Protein chains: 2
Amino acid sequence: MRKPDAVSPALRVRVNAAVKELGYVPNLAASRLASSRTHTIGVIVPTLYNVIFAEYLFALHDILVAAGFHVLVVNSRYSQIEEENAIKALLGQRVEAIIITGTHHTPLSRQLLSQARLPVVETFELSPEPIDLNIGMSQENAGQTATQHLIGLGLRRIAFLTGNLDHRAQSRLDGCRLAMEQAGLRPAEIIARKPRHSSVALGSDLFAMTHESGDVPEAIFCTDDNLALGAMQECRKRGMRVPDDIAIMGFHDLEFAACSAPSLSSIATRRFETGKLAAERVLAALNSSRTPAAEQIDLGYTLIARESTAV
Amino acid sequence: MRKPDAVSPALRVRVNAAVKELGYVPNLAASRLASSRTHTIGVIVPTLYNVIFAEYLFALHDILVAAGFHVLVVNSRYSQIEEENAIKALLGQRVEAIIITGTHHTPLSRQLLSQARLPVVETFELSPEPIDLNIGMSQENAGQTATQHLIGLGLRRIAFLTGNLDHRAQSRLDGCRLAMEQAGLRPAEIIARKPRHSSVALGSDLFAMTHESGDVPEAIFCTDDNLALGAMQECRKRGMRVPDDIAIMGFHDLEFAACSAPSLSSIATRRFETGKLAAERVLAALNSSRTPAAEQIDLGYTLIARESTAV
DNA sequence: ATGAAAGCGCTAACAC
DNA sequence: GTGTTAGCGCTTTCAT
């Protein structure tokens, strides 16, 4: 069945007939056990709610499936414990490589990944000590750049807005604080108490909260374009004009940032490229017998200034 | 290792030490082969870009993981061929049940699912002849209800706007046509030539196209809230007021519909409940030895009238 | 409570 | 080109 050409046409016909009649489907577990090849790559993402991971997975999927691999996606829900369980599950499946979001893991996770002797790619962040490959960008620098953009516009009272404070959001906040400090300022911080995933509705809620507190800043840097869009809409509802009364800055440059009204300034990040490169490097590592040297790739980011900060 | 209580404490300690030192992880393929239990449920969705599937998967995941199952998510990219391949892959994995989006499959897909002797749940639509279980809603009725709402407002020139025309979008369009016909009208149809996934940017593009053609309707029913939001933003950019100059209606009642400015009228659909119920029925079927009768559950939908159609 | 042994359904290597 | 056979690493059953 796996090499139909290597068999007489007559036999091939009989085999196909039998397959169809019996509804026979080869047992992958047996095949994997016997060949010790699973043709499966494990991918861990923190959530499926955020479209950036959909884009990333799309690119990964494209390349890996074309190369004959299965892609096993697990989500860790932003929990290191769930991530550790996901790693165990993937190793138990004997995936041939693991592509994992972020660079912060439990000690056991690191240990498991290190001694598993398979290609590991950490993505979206830059690690001080990568387990193996690392493809990402400096979230802290990006946060700093965004904030410097606002400061450069003459804005002084700047707030940082986020839903849950996962590690990447925290790094952006660190960058924001650094930029403010360098300018002799301090950011206000608007952080949702209850960790909810980033959404337009949450951005709207958080801005409403801030507005009602009476302490409205001159500019808001949101960790995410969804939050930014929600904040912009809430501004309008409350009679504030963007950017005249308040400047708003997003993050990720999602598809709608260019066409929202007003259009949204953001930091463009490279999700497709991250996925594509991770997949390519994994394939390369799997095809070369010798272990390639651990490598770190900085994909960078780009500041996109649009109407929402055109003060 | 699987029953630590059934072993002397001393041995248990030695086992754990060995496990840690060797980085031992049990081989799931071997376990599955030996026990002929995979504890895995396969789920097929058409895309990961649409947040409704994230919500659905979240609910599914919650219940199935809590019950000790693995969830294997595959996406078919709205292609029946890819869906067929996904089904083969899942059956090869010997998943214990399959939860699949939609009710339209290739003949071979139907055959494979029928003769696999495992619980199958088709979701999001209602099928005239379900393979096994079917949990969904009438997309056509929902499209009809939305359109009747617009007609009831005295609007006559109504357009239907969609990105790609997958089967569910087609059904909503059918419902829209039916309502128009009953009122003695004909809908205009705005359909993206290049199938792209639904997004705010696409809604914006499509409305811009329509506006430039000069033939602007009195109301637009969009297959998706993302498209609707994009259309609303593009309206504002072009100096049209919603709902005064044009009424806009979305679909799915995504999180942001309530907080956009103006707030968006929509049809609320029940993604969480669909996932929850599908997971519960699968677990029930797996626990009862006898095959439960094929069943069809209509989860319905709700018209939510908000500012964008408050004419 | 512990050890021994058969066999799950394939793959890979070999003989025919 | 075709048939045969020994494992892959577990689970399950049976002896001890």
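Every chain is numbered from 1 and lettered A, B, ... according to where its sequence line falls, protein lines coming before strand lines. Keep in mind that what you see is a predicted model, and the values were worked out from it rather than measured.
- Looking at B:Leu64, B:Val65, B:Leu28, B:Ile41 one by one, the single match for side chain to side chain contact (heavy atoms under 4.5 Å, CB included) with B:His70 turns out to be B:Leu28.
- Overall bending of the helix from C:dA1-D:dT16 to C:dC16-D:dG1, expressed as the angle between end axes built from five pairs apiece, is 40° (10° steps).
- Under the side chain to side chain contact (heavy atoms under 4.5 Å, CB included) criterion, A:Arg270 pairs with A:Glu273, A:Leu299, not counting sequence neighbours.
- Residues satisfying the side chain to side chain donor-acceptor pair (under 3.5 Å) test with B:Glu295, not counting sequence neighbours, are B:Arg281.
- Residue pairs meeting the salt bridge (Lys or Arg N to Asp or Glu O under 4.0 Å) criterion with at least one partner in residues 60-80 of chain A, sequence neighbours excluded, are A:Asp62-B:Arg77, A:Arg77-A:Glu82, A:Arg77-B:Asp62.
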List the atom pairs, with distances to 0.1 Å, where a side-chain N or O of residues 10-22 of chain A and a protein N or O form a donor-acceptor pair under 3.5 Å, not counting sequence neighbours.
unit_1	atom_1	unit_2	atom_2	d
A:Arg12	NE	A:Pro4	O	2.9
A:Arg12	NH2	A:Val7	O	3.3
A:Asn16	ND2	A:Arg12	O	3.4

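- Looking at residues two or more places apart in sequence or on another chain, you find a side chain to side chain donor-acceptor pair (under 3.5 Å) between B:Tyr301 and B:Thr145.
- Counting only residues at least two apart or on different chains, the ring-ring contact (aromatic ring centres under 6.0 Å, His included) pairs with a member in residues 95-114 of chain B are B:His104-B:His167.
- Between chain A and DNA chain D, the heavy-atom contact criterion of under 4.0 Å yields a 5' to 3' nucleotide range of D:dT2 to D:dG9.
- Below 30°, between 30° and 60°, or above 60°: for A:Phe69 and A:His39 the angle between ring planes is between 30° and 60°, a tilted geometry.
- The distance from the CG atom of B:Asp224 to the CG atom of B:Leu202 is 9.0 Å, given to the nearest 0.5 Å.
- Near DNA chain D, meaning a heavy atom under 4.0 Å from it, residues 32-40 of chain B has B:Ala34, B:Ser35 in order of number.
- Between the OG1 atom in A:Thr123 and the CG atom in A:Leu277 there is a gap of 11.0 Å [rounded to 0.5 Å].
- Looking at residues two or more places apart in sequence or on another chain, you find a salt bridge (charged side-chain N to carboxylate O under 4.0 Å, His left out) between A:Arg271 and A:Glu55.
- You can see that DNA chain C meets the heavy atoms of chain A within a 4.0 Å-exclusive cut from C:dG9 to C:dA12, reading 5' to 3'.
- Residue pairs that meet the salt bridge (Lys or Arg N to Asp or Glu O under 4.0 Å) test with at least one member in residues 93-106 of chain B, sequence neighbours left out, are B:Arg37-B:Glu96.
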